[in-house]
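Notes follow once the structure below has been shown.
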Protein chains: 2
Amino acid sequence: MNSTKESIVNIADDLIRRRGYNAFSYNDISKVLAVKNAAIHYHFPTKSDLGVAVIDLHIQKIDHFIKGVAPLSEPEKVEAFLNIYEQIQINKKVCLVGTLATDWDTIDDKIQQKLIVFVNIVGDWLTGVMEEGLKKGSLTFNGDPQTRAMLIITSIMAAAQMAKIMGPASFQSVKNAIINEVNRQ
Amino acid sequence: MNSTKESIVNIADDLIRRRGYNAFSYNDISKVLAVKNAAIHYHFPTKSDLGVAVIDLHIQKIDHFIKGVAPLSEPEKVEAFLNIYEQIQINKKVCLVGTLATDWDTIDDKIQQKLIVFVNIVGDWLTGVMEEGLKKGSLTFNGDPQTRAMLIITSIMAAAQMAKIMGPASFQSVKNAIINEVNRQ
DNA sequence: CTTGCCACTTACTTACTAGTAAGTACTATA
DNA sequence: TATAGTACTTACTAGTAAGTAAGTGGCAAG
């Protein structure tokens, strides 16, 4: 399954997280794919439709991730989650939530609503991991699970952004610090 | 001193942090100010020149902030620093570093270089506060001062972004958690 | 009083944006 | 073999972007 429609979404995802939502155009996609501008409009009538599809792709991916890590321990789940962002950083991208948050006032209501759904999926899952880890004693941290989950998400999200400016080392130190904070003695 | 040139920089700063660098235009500024497009080009020949000027304004402001909080204790300095971001969040903006980081690949080299200078000023100052707090015992935290400083900056920066999506409550919980993490027992 | 500079305006160009209307080649089905 | 739908292309529009060349009004120094 490598249809034009899927390719469009994948390229759009790449462009959004590399250059930002307002810096990519249908023309950028048609330059990469061997299709014309209008072909993209055929699959996604408006840019907002494409934006929503990109978030849907991420929802699909995170659902798959959550199922995949289900058998792992809580510390392993946290590490696996942070590794997603490490890959983002290595590929010199940023996380979708961060880019769209900074462009928030310029994006369509449909994109905003879909992004809220995505953030809630990630937030609820990581809160659950924190709760479970606290109960089992496999994770030790200060504050309540929900706040800790939010703190982890914000830290690692911004660390990927900071790596754009300060290089990969800044990302690694933040990643290690996050792990240390949930393995306290 | 409320010259046209200064007004342009202030409005550009507002627009960049509200809508993103690639979503604001000279026309947006000339609509707010009672001047024409070309007047802005007179003061700032290219958009990159204006971008650099906006970061210079922030460097000026952070220098002023650092001098202002010099007599305060380390915990007070941290709180004052976090309060800057609280104001950003209340005004429904995001931090300059975050927006420009997500647009990194689309911004001019001059803007990139100037942003590195700005981040280093903030990073070095907060690292110094952490070192001093650790030495005096006024701050207690895990890890080294530099990593802790980076962790605080990334967390609060992304918290302002997250507030755009999840509302002000998410910001407050992250802010409180950061303070708790440097006042451990 | 005129020369020259500052801070603009007027009027424009080139390039690109999202989006659309109409047409076409191909494929599957009745 | 006709019909209809899918997945496009061709060719276009209206709007906006950054940027520029040339002109203007006011003011200050010589």
Side-chain angles (χ1 to χ4, degrees), chain A residues 1-55 57 99-100 102-112 114, chain B residues 1-55 57 99-100 102-112 114:
Chain A
M1 278 207 289
N2 214 352
S3 67
T4 300
K5 190 169 184 176
E6 285 170 319
S7 297
I8 291 168
V9 178
N10 280 310
I11 294 166
D13 173 41
D14 191 85
L15 288 167
I16 289 172
R17 280 156 58 212
R18 232 175 257 284
R19 304 174 59 82
Y21 183 79
N22 290 306
F24 98 93
S25 71
Y26 275 33
N27 208 23
D28 294 330
I29 298 173
S30 60
K31 263 186 278 180
V32 179
L33 271 179
V35 293
K36 301 294 164 185
N37 207 322
I40 305 166
H41 279 284
Y42 168 75
H43 291 291
F44 304 99
T46 70
K47 200 179 173 183
S48 296
D49 294 323
L50 180 50
V52 169
V54 168
I55 304 174
L57 176 68
T99 342
L100 293 179
T102 59
D103 294 338
W104 190 254
D105 292 10
T106 72
I107 59 178
D108 192 277
D109 186 64
K110 283 178 192 173
I111 301 180
Q112 291 183 350
K114 189 63 85 172
Chain B
M1 278 208 289
N2 214 351
S3 66
T4 301
K5 190 169 183 175
E6 285 170 320
S7 297
I8 292 167
V9 178
N10 280 309
I11 295 166
D13 173 40
D14 191 85
L15 287 167
I16 289 173
R17 279 156 58 212
R18 232 176 257 286
R19 303 173 60 80
Y21 182 80
N22 290 305
F24 98 93
S25 70
Y26 276 32
N27 208 24
D28 293 330
I29 298 173
S30 59
K31 263 186 277 179
V32 178
L33 271 180
V35 292
K36 302 294 165 186
N37 208 322
I40 305 166
H41 278 284
Y42 169 74
H43 291 290
F44 304 99
T46 70
K47 199 179 174 183
S48 296
D49 294 322
L50 181 51
V52 169
V54 168
I55 305 173
L57 175 69
T99 343
L100 294 179
T102 60
D103 294 338
W104 189 254
D105 290 11
T106 72
I107 60 177
D108 193 276
D109 186 63
K110 283 178 193 173
I111 302 180
Q112 291 182 351
K114 189 63 86 171

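Chain letters run A, B, ... following the sequence lines, proteins first, then strands; residues in each count from 1.
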- request: Give a yes-or-no answer on whether the side chains of A:Thr106 and A:Asp103 include a donor-acceptor pair shorter than 3.5 Å.
  value: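 Their side chains do not contain a donor-acceptor pair, so the 3.5 Å distance test is not met.
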- prompt: Can you tell me if B:Thr46 and B:Asp49 form a side-chain donor-acceptor pair at under 3.5 Å?
  reply: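 A donor-acceptor contact under 3.5 Å links the two side chains.
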message: How close do A:Phe24 and A:Ile29 get, counting heavy atoms only, and between which atoms?
response: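 Result for this residue pair: CE1-CD1, 3.7 Å.
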- prompt: Nearest heavy-atom pair of A:Lys110 and A:Asp108: which atoms, and what distance?
  reply: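 Shortest heavy-atom separation between A:Lys110 and A:Asp108 comes out as N-OD1, 2.8 Å.
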[N] phosphate, OP1 or OP2, under 4.0 Å from [X] side-chain N/O:
X	N	value
A:His41	D:dT9	no
A:His43	D:dT6	no
B:Thr4	C:dC8	yes
A:Ser25	C:dC16	no

query: Are A:Val52 and A:Phe44 side-chain neighbours, meaning at least one heavy-atom pair lies under 4.5 Å?
result: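 Heavy-atom side-chain distance check fails, nothing below 4.5 Å.
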Which nucleotide, [options], lies nearest any side-chain atom of [X]?
X	options	value
A:Asn27	D:dT20, C:dT17, D:dT9	C:dT17
B:Ala38	D:dG19, D:dT9, C:dT9	C:dT9
B:Asn37	D:dG19, D:dC8, C:dG19	D:dG19

Under 4.0 Å, counting only non-hydrogen atoms across every strand here, what does [X] touch: a base, just sugar-phosphate, or nothing?
X	value
B:Ala23	nothing
B:Phe44	nothing
B:Lys36	base
B:Tyr42	base

Round to a whole Å and report the spacing from [atom1] of [X] to [atom2] of [N].
X	N	atom1	atom2	result
B:Tyr26	C:dT10	OH	P	19 Å
B:Lys47	C:dA15	NZ	P	19 Å
A:Phe24	C:dC16	CZ	C1'	15 Å
B:Ile29	D:dA17	CD1	C1'	13 Å
B:Ile8	D:dA18	CD1	P	13 Å
A:Ile40	C:dA18	CD1	P	9 Å
A:Tyr21	C:dA18	OH	P	9 Å
B:Asp49	D:dG19	CG	P	8 Å

